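The structure under discussion appears below in the form of structure tokens.
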Amino acid sequence: MPDTRAPNAPTRRIGLHAVLVAASLVMVTPFVWQIITSLKTLSDATRVPPSILPGGHWENYGQVFGLLPFGHQFLNTVLMAAGRTVGQVLLCSMAAYAFARLRFPGKRLLFGVFLSVLMVPPQLFIIPQYQIMSSLGWLNSLQALIVPGLFSAFGVFLLRQFFLGLPRELEEAARLDGAGPLRIYWSIMLPLARPGLVALGVLVLLWSWNDLFWPLVVNTDPEQMTLSAGLASLQGQFQTNYPVLMAGSLLASLPVIAVFVFLQRQFIQGIAHTGIKG
């Protein structure tokens, strides 16, 4: 009986590539439009119908540094994102290892409580967190940006799934050699979980870099703001200079784009290996 599936394989492949190309164009179009708008004048950016070609007005990028303390806000954003990323990778990995490998009473119940936090909108924590920061005298400070984001239930869940997929033979061999739980976690499990750690680190970095609501609430001093909050202040009540806003947004996006491009292989590998075991 002749194989009727073979002639359809090239057609399916072409159709799949066509869908992927179309989806890629849809995803990259806003970024291209951002670049084009950042090189226009305000009149060109608000023209109807809109002009597609860029105007070559590179001075918009210079105006960003004149309207904002861009250097201070960039440093605040880097320190906030780095602090949150390091904190979540360390603390969430410790909690995830305990939930995945250690035995203690009430483990499943406690893990269920952790997962229930994911169903609560994060906006509900804003007022209690603000009151805590105010009582500690941390308003308009760097620690107010970092400390509330040092831990997340999602990070525990993600790394727990990764730890569950690691072979138990290595852990049992380490116990036979006299290693304790902390030694096993630090010297054996943590290096093996590197793809999962990178995946969580990239997600936390992107989330922290783009975080707007909390930095806008807790820090009102322009020199203590992050880039997201500083760029939001460029939007006027009656008029917004969209080319300058797009130029600033593009400058703020370049570091995280570079990090993702550099770590994309480890990120995809880490996400692919989670969820192997429940």
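Predicted, not measured: the structure shown is a model, and the values here were computed from it.
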Distance-only criterion, 3.5 Å: show the donor-acceptor pairs between side-chain atoms of residues 215-225 and protein atoms not counting sequence neighbours.
| residue | atom | partner | partner atom | Å |
| --- | --- | --- | --- | --- |
| N219 | OD1 | N140 | N | 2.9 |
| N219 | OD1 | S141 | N | 3.2 |
| N219 | ND2 | S141 | O | 3.3 |
| N219 | ND2 | Q224 | O | 2.8 |
| D221 | OD1 | E223 | N | 3.3 |

ask   = Is it the case that more than 12 heavy atoms not belonging to F260 sit under 6.0 Å from its CZ atom?
value = yes

Please tabulate, one pair per line, all N/O donor-acceptor pairs under 3.5 Å involving side-chain atoms of residues 162-173, not counting sequence neighbours.
| residue | atom | partner | partner atom | Å |
| --- | --- | --- | --- | --- |
| E171 | OE1 | R101 | NE | 3.4 |
| E171 | OE2 | Y97 | OH | 3.4 |
| E171 | OE2 | R175 | NH2 | 2.9 |

inquiry  = If you count every heavy atom of other residues, nucleotides or ligands that lies below 6.0 Å from F151 atom CZ, does the total exceed 12?
reply    = yes

Residue list, side chain to side chain contact (heavy atoms under 4.5 Å, CB included) with L203, at least two apart or on another chain = F154, L158, F267, I271

inquiry  = Listing request: all salt bridge (Lys or Arg N to Asp or Glu O under 4.0 Å) pairs with a residue in residues 181-202, at least two apart in sequence or in separate chains.
reply    = none

query = In the hydrophobic clustering that connects Ile, Leu, Val, Met, Phe, Trp and Tyr at side-chain heavy-atom distances below 4.5 Å, which members other than V21 occupy its cluster, ordered by chain and number?
reply = L25

query = Is there a side chain to side chain contact (heavy atoms under 4.5 Å, CB included) between L231 and L234 once you walk through the steps?
reply = CA-CA 5 Å; L231 291 174; L234 293 179; 4.0 Å; yes

Pairs involving residues 214-235, ordered by first then second residue, that meet ring-ring contact (aromatic ring centres under 6.0 Å, His included) (sequence neighbours left out) = none

query = Should S233 and L68 be marked as a side chain to side chain contact (heavy atoms under 4.5 Å, CB included) after you check the CA-CA gap, both sets of side-chain angles, and the distance that decides it?
reply = CA-CA 9 Å; S233 66; L68 295 175; 3.7 Å; yes

Qualifying residues under side-chain hydrogen bond (donor to acceptor under 3.5 Å, both in side chains), relative to T85, sequence neighbours excluded = none

inquiry  = Less than 4.5 Å apart, side chain to side chain, heavy atoms only: is that true for P50 and I52?
reply    = no

ask   = Does a side-chain heavy-atom distance below 4.5 Å link F104 with K107?
value = yes

query = Residues two or more places apart in sequence or in another chain: which of them pass side-chain hydrogen bond (donor to acceptor under 3.5 Å, both in side chains) with H57?
reply = E59

query = Does anything in residues 86-95 pair up under side chain to side chain donor-acceptor pair (under 3.5 Å), and if so which pairs, sequence neighbours excluded?
reply = Q88-S152, S93-Y185

For Y242, ring-ring contact (aromatic ring centres under 6.0 Å, His included) partners two or more places apart = none

key: Connected via hydrophobic side-chain network under 4.5 Å: V147 and L136   = yes

What pairs of donor and acceptor atoms, side-chain ones from residues 34-41 against any protein atom, are under 3.5 angstrom apart with sequence neighbours left out?
| residue | atom | partner | partner atom | Å |
| --- | --- | --- | --- | --- |
| T37 | OG1 | W33 | O | 2.8 |
| T37 | OG1 | W33 | NE1 | 3.4 |
| S38 | OG | I35 | O | 2.6 |
| S38 | OG | Y61 | OH | 2.7 |
| K40 | NZ | S51 | O | 2.4 |
| T41 | OG1 | S43 | OG | 3.1 |
| T41 | OG1 | D44 | N | 3.3 |
| T41 | OG1 | D44 | OD2 | 3.1 |

note = Shortest non-hydrogen pair, L251 vs P255, comes out as O-CD, 3.4 Å

Which pairs of donor and acceptor atoms, one on a side chain in residues 113-126, lie under 3.5 Å apart (sequence neighbours left out)?
| residue | atom | partner | partner atom | Å |
| --- | --- | --- | --- | --- |
| S116 | OG | V113 | O | 2.5 |

Residues T226, W209; criterion side chain to side chain contact (heavy atoms under 4.5 Å, CB included); working and verdict = CA-CA 8 Å; T226 59; W209 196 274; over 6 Å; no

inquiry  = For A95 versus V156, what's the shortest heavy-atom pair and its separation?
reply    = CB-CG2, 3.9 Å

query = In terms of heavy-atom contacts, does CD1 of I127 have more than 12 from other residues, nucleotides or ligands at under 6.0 Å?
reply = no

query = Side-chain contact, heavy-atom cut-off 4.5 Å: I132 with W138?
reply = no

